Structures are given as structure tokens and as C-alpha cells.
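Contents: one structure, followed by commentary.
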Amino acid sequence: MNERVSTVPSPAPWSVRTKREARQAAIKSWLEGMVYLCPSLLLFGVFLFYPLGRTMYLSVFHTDYQGHPTEFVGLAHFVALLQDASFWHSLKATVLFAALTVPTTVAVSFGLALLAHETRKGIGIFRTIFASTMGMSVGVASVIWMFMYNPAIGIINRLVSAIGGTPVSWLLDQDTALYAVAAATIWMNIGLTFLLLLAGLQNIDPSLYESARIVGMSYWRQLWTVTVPLLSPTLFFVTTVSLIQALQTFGQIDFLTKGGPVEATNVFVYAIYREAFVNYQFGSASAQALVLFLIIAIVTFLQFRFAERKVHYQ
């Protein structure tokens with residue numbers, strides 16, 4: 001008697017079905033995530049990745065006055081850059097500018113934040129005043145400081161004359177121009193830095209200060225053992241952002257000094273701008289831009305590698 005063989009396939013083992021379903025769920029989740037990321041990836045691609053790739057491409061070419069590549073030169077622009085005294089002068093000016101502005105901005109903003117954190121009547125008015133520079137554009141702020149630095153009618157020279165000093169051409173003297181621009185930059189950046197530090201102070205648990213007072217800690221002892229450690233993430237953030245901004249300074253330089261006098265304020269970004277849009281040397285400017293990108297990347301890496309060790313996250 002012939003036996004009929006069943007043609008119905010046996011069901012897959014439970015473990016195989018589970019793995020297949022898990023794989024399908026993972027693929028579905030990945031595709032769903034990519035759909036949400038597409039707008040961001042599109043913006044990054046258009047405004048970050050493409051310009052970076054284009055800059056790398058132009059850095060190895062000579063270009064015409066419209067920026068079109070004309071001749072492949074390899075690393076010639078980078079070699080010429082390292083042999084250019086103007087490049088090293090710009091680098092020195094940029095480092096000095098950052099050294100002047102970053103620590104001073106953070107220190108002054110921290111002091112103002114400590115004052116504004118006190119619960120006193122009318123403190124809101126002072127908070128508004130301290131943060132007011134945040135709402136002012138670089139152009140408007142630069143014009144204000146340009147009038148203040150004016151050798152003839154500027155209020156700063158009037159104050160100098162009032163105390164018996166000699167008026168100074170702040171923006172026209174190569175010995176004072178960079179310091180004058182740095183002072184204006186500190187004033188421009190205090191608003192945002194102050195606001196971030198004040199927000200960080202307000203997030204510290206007040207009970208920690210009560211405990212510190214109970215054990216007899218003085219104000220300064222509380223500041224260094226409670227406030228600074230708990231505020232260190234915010235301090236690290238504002239220091240990193242301020243340093244990157246200092247290395248990318250352009251607006252106030254363009255308004256106040258145009259890189260002069262005698263290239264005293266010709267910081268790196270302004271040197272790149274002049275090379276590209278004044279001298280029309282887009283290949284050389286692209287090489288300088290890549291060097292600046294590398295410097296910022298290295299500085300940021302070193303900050304996260306070493307400075308972040310002292311950050312205390314709650």
C-alpha cells in the first residue's frame with residue numbers, strides 16, 4: 001500500500017523565526033531612524049560636508065579669479081604657506097587674541113553670574129543689563145566701539161585726558177589695535193557666557209550650600225568646593241565655545257581695523273577672507289582654511305582629552 005507523502009513544508013524552528021523577526025525589526029527601526037535623520041543629513045551635506053570637500057579639492061589647485069580650478073599643484077599651497085611670514089604673523093595674532101579674550105570673558109562672566117545669582121530686590125534689572133550684549137549684532141557693537149575709540153571725539157580718550165593722560169589712536173596704533181579689538185570682543189561675548197553660567201548656577205541644589213554653612217564653610221570655601229565643581233560642565237562648555245569663536249573671529253576685525261594697522265589684527269579668518277576675496281587666490285585660501293580647521297580640531301580634541309578630566313558631572 002502506497003503511503004502519501006505530505007507536501008506541506010514543516011514550520012521553521014522557533015529560534016530561527018525569532019532571529020528573522022528580530023532582524024526585520026532592526027532593519028525597520030534603522031530605516032525609520034534614517035527617515036528622521038534625513039533633514040539633518042541634508043542640511044549637513046549642503047552646508048558642511050560639501051563645502052569641506054570643495055575646500056579640500058580647491059586646496060590642491062591654482063584657480064582663476066572666479067574660483068575655477070586651472071592647474072593641479074598638489075601640496076604646493078601648503079608648503080608655500082609654511083614658508084610665508086604673513087601666515088605665522090596671522091597665527092601669532094590669533095593665538096594672542098584668543099589668550100586675551102577667552103580667559104577674560106569667562107572670568108568676568110563668572111563674576112557677574114555670581115552677583116546676579118544673589119536673591120536681592122531688583123536683581124532682575126542687573127541680570128537684564130548683564131545679558132543685554134547678547135541681543136546686539138556684531139556690526140552694531142563694532143560701530144559703538146568705533147565711536148568710543150575715535151581719537152578726537154571718543155569717550156575713552158576723553159576719560160584718558162580727564163585723568164591727565166595722552167590720547168591714543170587705539171585702532172590705528174599697531175601696539176594697541178589688537179588689545180582694543182580684544183576689549184570690544186570681550187564686551188560682545190559676555191552676554192551669552194553670563195547667561196549660560198547663571199543658568200548653571202541656578203541648577204545647583206541649594207541644600208548643598210545649606211549643608212556647607214552648617215559645617216562652617218566660608219563663602220570662598222563654598223565657592224571652590226561646591227560651586228566650581230558643580231558648575232564645571234558649564235564652565236567647560238563656555239570655555240570650549242569661546243575658544244572656537246576666538247579662533248574664528250571675523251566681524252569685529254572687519255568693522256574696526258580691516259586687519260591693520262600693519263597686519264597687527266590680521267587674524268587667521270580675516271587673512272583667509274583677504275586671500276580669497278581681495279587677492280582672488282582661492283586655492284591658497286582653501287589651504288589656509290584647512291589648516292585652521294585642523295588647528296580647531298586639535299585644540300578641541302586636547303580640551304576634551306585633558307580639560308574634561310576635571311569636569312564633575314552630577
Side-chain angles (χ1 to χ4, degrees), residues 86 89-116 118 120 122-195 197-198 238 242-243 245-271 273-274 278:
S86 180
H89 185 81
S90 296
L91 183 60
K92 179 182 177 181
T94 304
V95 172
L96 178 58
F97 182 82
L100 290 171
T101 57
V102 176
T104 309
T105 300
V106 175
V108 173
S109 300
F110 181 50
L112 295 177
L114 289 174
L115 292 174
E118 299 292 331
R120 296 287 188 271
I123 197 66
I125 298 175
F126 291 94
R127 291 174 180 172
T128 303
I129 294 173
F130 294 157
S132 60
T133 61
M134 183 182 63
M136 193 173 296
S137 69
V138 173
V140 173
S142 298
V143 170
I144 292 173
W145 281 90
M146 186 183 300
F147 280 107
M148 291 174 63
Y149 283 134
N150 188 283
I153 63 173
I155 189 174
I156 296 179
N157 271 347
R158 289 192 176 186
L159 292 175
V160 171
S161 299
I163 61 176
T166 303
V168 179
S169 299
W170 299 97
L171 299 176
L172 301 177
D173 189 338
Q174 60 180 336
D175 295 327
T176 61
L178 188 65
Y179 296 93
V181 176
T185 302
I186 292 168
W187 182 82
M188 294 177 197
N189 294 340
I190 279 177
L192 178 59
T193 309
F194 157 78
L195 204 61
L197 291 174
L198 179 61
V238 297
S242 298
L243 181 57
Q245 286 181 340
L247 296 176
Q248 296 178 335
T249 297
F250 173 79
Q252 52 269 47
I253 299 292
D254 188 42
F255 277 100
L256 294 174
T257 62
K258 304 292 184 184
V262 199
E263 297 192 349
T265 60
N266 190 33
V267 294
F268 218 106
V269 173
Y270 197 78
Y273 163 77
R274 286 173 46 170
V278 177

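All values reported here derive from a predicted model rather than from experimental measurement.
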> How many angstroms lie between CD1 in Ile129 and CG in Leu112, if you round to the nearest 0.5 Å?
Replying inline: 11.0 Å
> What's the shortest heavy-atom distance between Thr265 and Thr257, and which atoms?
Replying inline: OG1-OG1, 2.6 Å
> Do you know which two heavy atoms are closest between Ser109 and Thr193, and how far apart they sit?
Replying inline: OG-CB, 3.4 Å
> Side-chain contact, heavy-atom cut-off 4.5 Å: Asp173 with Tyr179?
Replying inline: no
> When rounded to the nearest 0.5 angstrom, what distance separates CG in Leu243 from OG1 in Thr105?
Replying inline: 11.0 Å
> So does Leu96 have more than 12 non-hydrogen atoms from other groups sitting under 6.0 Å from CG?
Replying inline: yes
> Out of curiosity, Trp187 CH2 to Met148 CE, how far, rounded to the nearest 0.5 Å?
Replying inline: 8.0 Å
> Distance from Thr133 atom OG1 to Ile186 atom CD1, nearest 0.5 Å?
Replying inline: 12.0 Å
>> For a quick test of reading the model, state the closest non-hydrogen atom pair linking Ala93 to Asn266 and the distance between them.
In response: CB-O, 4.5 Å
>> Could you report the tightest heavy-atom contact between Asn157 and Pro167, atom names first, then the distance?
In response: OD1-CA, 3.6 Å
> OG/Ser242 to CG/Leu247 distance, rounded to the nearest 0.5 angstrom?
Replying inline: 11.0 Å
> Ala271 and Ser90: which non-hydrogen atoms are nearest, and at how many Å?
Replying inline: CB-OG, 3.7 Å
>> Quick one, Asn189 with Thr101, criterion side chain to side chain contact (heavy atoms under 4.5 Å, CB included). Give me CA distance, side-chain angles, the key distance, then yes/no.
In response: CA-CA 9 Å; Asn189 294 340; Thr101 57; 5.6 Å; no
>> On a heavy-atom basis, which atom in Leu171 and which in Val181 lie closest, and how many Å separate them?
In response: CD2-CG2, 4.3 Å
>> Among Tyr270, Phe268, Phe97, Phe255, which residue satisfies the ring-ring contact (aromatic ring centres under 6.0 Å, His included) criterion with Phe250?
In response: Tyr270
>> Test side chain to side chain contact (heavy atoms under 4.5 Å, CB included) on Val160 and Trp170; report intermediate values, then the result.
In response: CA-CA 12 Å; Val160 171; Trp170 299 97; 4.2 Å; yes
> So do Met188 and Gln245 actually touch side chain to side chain, heavy atoms under 4.5 Å?
Replying inline: no
>> With a 6.0 Å cut-off (strictly less than), is the heavy-atom count around CZ of Phe147, excluding the residue itself, greater than 12?
In response: no
> What distance separates Asn150 CG from Ser169 OG, expressed to the nearest 0.5 Å?
Replying inline: 9.0 Å
